[in-house]
Amino acid sequence: MNICVTGTGYVGLVTGTCLAEVGHRVICMDHDGNKIQTLNAGQMPIYEPHLEELVRRNREKGRLSFTTDFGLANRDAEVVFICVGTPPLENGEADLSAVENVVREVASRSDSYRLVVEKSTVPVQTGEYVSRTLQIYCRGGQGHFDVASNPEFLREGSAVYDFFHPDRIVVGVDSPRAENILRELYRPILEGQFSCPVHSSCPASSPPTFLVTDVKSAELIKHASNSFLAMKISFVNAVADLCEKVGADVEKVARGMGLDVRIGKDFLRAGLGFGGFCFPKDLQAFVRIAEKIGYDFSLLREVEKINKGRIEVALEKLKKELWILQGKTIGVLGLAFKPQTDDTRFAPALELIRRLQREGAKIRAYDPKAAQKTAEEIPDIFFAASPYQAAEGTEALILATEWPEFRDLDWKKIRGSMVHPFIFDGRNFLDPAQLRAAGFRYEGMGRPG
Ligand SMILES: NC(=O)c1ccc[n+]([C@@H]2O[C@H](COP(=O)([O-])OP(=O)(O)OC[C@H]3O[C@@H](n4cnc5c(N)ncnc54)[C@H](O)[C@@H]3O)[C@@H](O)[C@H]2O)c1
């Protein structure tokens with residue numbers, strides 16, 4: 001099948017590359033010339049495990065290419081995926097201007113049938129606007145478009161794995177033709193007809209559910225899923241604050257809760273809260289679209305408030321230990337919003353650093369992948385070459401992102417290089433007993449002192 005992917009970011013690049021890997025011919029388009037140039041030079045604009053190898057292989061096989069020219073990408077495509085960004089506007093609503101731009105291009109440049117697929121996360125009813133825009137701007141008479149919603153559930157850091165092993169593939173469609181095309185497109189995944197780029201032999205699992213709904217329900221599934229997961233995180237963070245007040249341990253409470261299959265153990269990690277390009281903005285956008293339709297989603301406003309409050313909780317802990325932050329040197333381990341990615345968008349680590357800098361603290365930071373992206377946002381940081389260098393001469397060391405390599409550091413060596421051996425574990429990732437034995441003062445989130 002010939003596929004055009006518009007927007008070659010985390011979602012577009014992964015989707016386009018993996019669709020090429022299962023045999024489709026894919027042209028990924030982006031209006032960012034530097035990004036396309038980087039990809040055409042054989043380099044990667046983002047870090048995502050396994051992706052580089054897949055891009056190289058599929059370019060060599062001639063199934064995957066990159067362009068800034070929408071006309072070229074769209075010319076022979078049967079399916080056009082919209083994977084452009086939908087960032088938050090100041091009022092929290094999703095900015096859909098990039099989506100509209102792409103839709104107008106498709107409308108005015110297509111003279112035969114196209115299935116236009118929303119993969120970007122968009123508020124419910126966007127599909128109606130997409131259909132209407134296609135009809136208004138189309139050049140070849142009406143009726144040769146279908147619009148579908150195919151929300152993306154990939155997790156950065158395991159995006160390639162998630163493409164090949166999804167829990168479910170959701171397609172919101174209004175016509176049998178659109179459903180058939182998407183079923184055909186995903187057939188290799190649904191039938192396990194691919195050679196997995198992640199495992200040499202995949203663990204046995206049942207095939208993913210192919211869930212067909214109407215367009216509006218599919219749009220809602222995405223916002224509702226992300227908001228629900230965000231709610232779990234804020235819930236456990238509220239419980240963490242309660243634990244601190246009574247001297248209980250949130251790790252034990254979360255384990256006890258998570259063993260109940262109705263609750264599940266995932267997304268019950270107390271800490272600095274959620275960040276990234278999805279949860280914070282999707283939550284806001286969901287609240288705003290609900291408001292517009294006439295429903296006050298106050299539950300989700302509280303989820304957002306609790307999450308924003310995590311940075312205050314962290315600052316209080318640092319002030320309690322260090323008293324005055326002005327002039328103090330603080331080390332930060334981990335900058336990306338989560339491990340295994342270089343994505344720093346809405347990363348709690350960066351928000352915390354900004355607040356510390358505003359109080360006059362000096363920052364030394366280390367991240368295995370995200371230093372460059374952080375430097376583009378906050379230049380005034382000393383970027384260390386290792387966790388050890390980040391800790392040198394500091395009065396506190398913050399663990400802000402739980403990269404696995406931070407678990408087994410030489411803590412005695414780190415302690416010896418710090419001015420004051422205080423660890424604030426913003427992810428409850430380290431072993432408090434081990435750190436205390438190594439001579440540190442340790443503070444986590446919702447763990448007894
Ligand atoms: N990143 C994730 O983990 C994730 C997961 C699920 C869904 N989503 C959703 O997918 C969408 C894309 O997210 P992302 O993380 O890939 O964003 P991104 O910023 O990494 O990529 C978006 C790309 O679109 C390009 N673009 C913007 N306007 C364009 C236009 N008019 N024509 C061509 N290209 C254009 C940008 O240059 C950029 O490269 C968002 O709606 C996001 O909420 C993201």
Side-chain angles (χ1 to χ4, degrees), residues 4-18 27-39 44-49 51 66-74 80-89 92-109 116-123 126 130 133 149-163 166-167 169-170 218-219 221-223 225-227 229-230 274-286 289 336-347 373 376:
C4 162
V5 171
T6 59
T8 308
Y10 285 87
V11 168
L13 184 57
V14 170
T15 304
T17 304
C18 293
I27 304 183
C28 289
M29 178 270 163
D30 202 289
H31 68 176
D32 179 344
N34 288 336
K35 193 171 276 190
I36 295 302
Q37 215 175 358
T38 302
L39 285 159
M44 295 294 286
I46 57 168
Y47 170 72
E48 187 61 46
L51 191 59
F66 302 103
T67 184
T68 51
D69 181 351
F70 177 80
L72 177 73
N74 176 60
V80 178
F81 275 99
I82 303 176
C83 301
V84 296
T86 50
L89 292 167
E93 273 179 43
D95 179 352
L96 299 176
S97 54
V99 173
E100 202 219 17
N101 283 341
V102 170
V103 174
R104 285 178 63 165
E105 290 271 17
V106 182
S108 61
R109 301 237 209 163
V116 179
V117 184
E118 303 169 347
K119 202 169 239 321
S120 300
T121 303
V122 292
T126 299
V130 171
T133 305
S149 165
N150 172 216
E152 180 54 61
F153 300 106
L154 68 77
R155 297 162 299 173
E156 285 180 24
S158 58
V160 171
Y161 172 91
D162 292 340
F163 182 91
D167 301 322
I169 294 173
V170 173
E219 290 168 339
I221 285 169
K222 177 63 190 173
H223 264 159
S225 300
N226 274 5
S227 301
L229 294 175
F274 54 81
F277 192 51
C278 291
F279 283 9
K281 80 171 174 57
D282 292 353
L283 190 65
Q284 278 185 13
F286 202 25
I289 188 73
F337 84 94
K338 64 189 263 195
Q340 308 299 345
T341 179
D342 61 350
D343 197 348
T344 55
R345 292 175 292 182
F346 303 102
K373 292 215 160 112
E376 287 160 17

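Being a predicted model, the structure only gives us computed values, none of them experimental. Order of listing sets the numbers, starting from 1, for every ligand and every atom in it.
Each of the atoms 12 (C), 22 (C) of ligand 1 lies under 4.0 Å from some heavy atom of C83. Remark: ligand 1 atoms within the under-4.0 Å shell around heavy atoms of K222 are 6 (C). Near K35, the atoms of ligand 1 lying under 4.0 angstrom from a non-hydrogen atom of the residue are 38 (C), 39 (O). Atoms of ligand 1 lying under 4.0 Å from at least one heavy atom of E156, given by number and element, are 1 (N), 2 (C), 3 (O). Contact atoms of ligand 1 toward G7: 23 (C), 24 (O), 25 (C), 34 (N) (distance under 4.0 Å to a heavy atom of the residue).
Evaluated by nearest non-hydrogen atom to atom 27 (C) of ligand 1, the leading choice among E105, H31, K119 is H31. Nearest-heavy-atom check against atom 10 (O) of ligand 1 across V11, D95, I46 picks out V11. Taking only non-hydrogen atoms, the option from D282, T15, D30 nearest to atom 38 (C) of ligand 1 is D30. Taking only non-hydrogen atoms, the option from V84, T86, V5 nearest to atom 11 (C) of ligand 1 is V84.
T126 is linked by a side-chain hydrogen bond (donor to acceptor under 3.5 Å, both in side chains) to nothing, counting only residues two or more places apart in sequence or in another chain. Among residues two or more places apart in sequence or in another chain, the side-chain contact (heavy atoms from CB on, under 4.5 Å) test is passed with A73 by C4, I27, M29, T67.
Shown are E48, E156, K373; of these, the side-chain hydrogen bond (donor to acceptor under 3.5 Å, both in side chains) with T341 is made only by E156. When the options L39, L13, I36 are evaluated for a side chain to side chain contact (heavy atoms under 4.5 Å, CB included) with D30, the one that passes is I36.
Side chains of V122 and E219 form a contact here, defined as non-hydrogen atoms less than 4.5 Å apart.
When only non-hydrogen protein atoms are considered, atom 9 (C) of ligand 1 lies nearest to T121 OG1, 3.4 Å. Atom 42 (C) of ligand 1 has as its closest protein heavy atom K281 NZ, 3.7 Å. Here the protein heavy atom with the shortest distance to atom 22 (C) of ligand 1 is G85 N, 3.5 Å. At the top of the distance list for atom 4 (C) of ligand 1, counting protein heavy atoms only, stands C278 SG, 3.2 Å. Ranking protein heavy atoms by distance to atom 6 (C) of ligand 1, first place goes to E152 O, 3.3 Å.
At a 4.0 Å cut-off, at least one heavy atom of R345 sits close enough to ligand 1 to count as contact. For the pair L154 and ligand 1, a heavy-atom separation below 4.0 Å is found.
When non-hydrogen atoms are compared, ligand 1 lies under 4.0 Å from neither the backbone nor the side chain of R155.
Distance check: F337 CZ to F277 CZ gives 11.0 Å after rounding to the nearest 0.5 Å.
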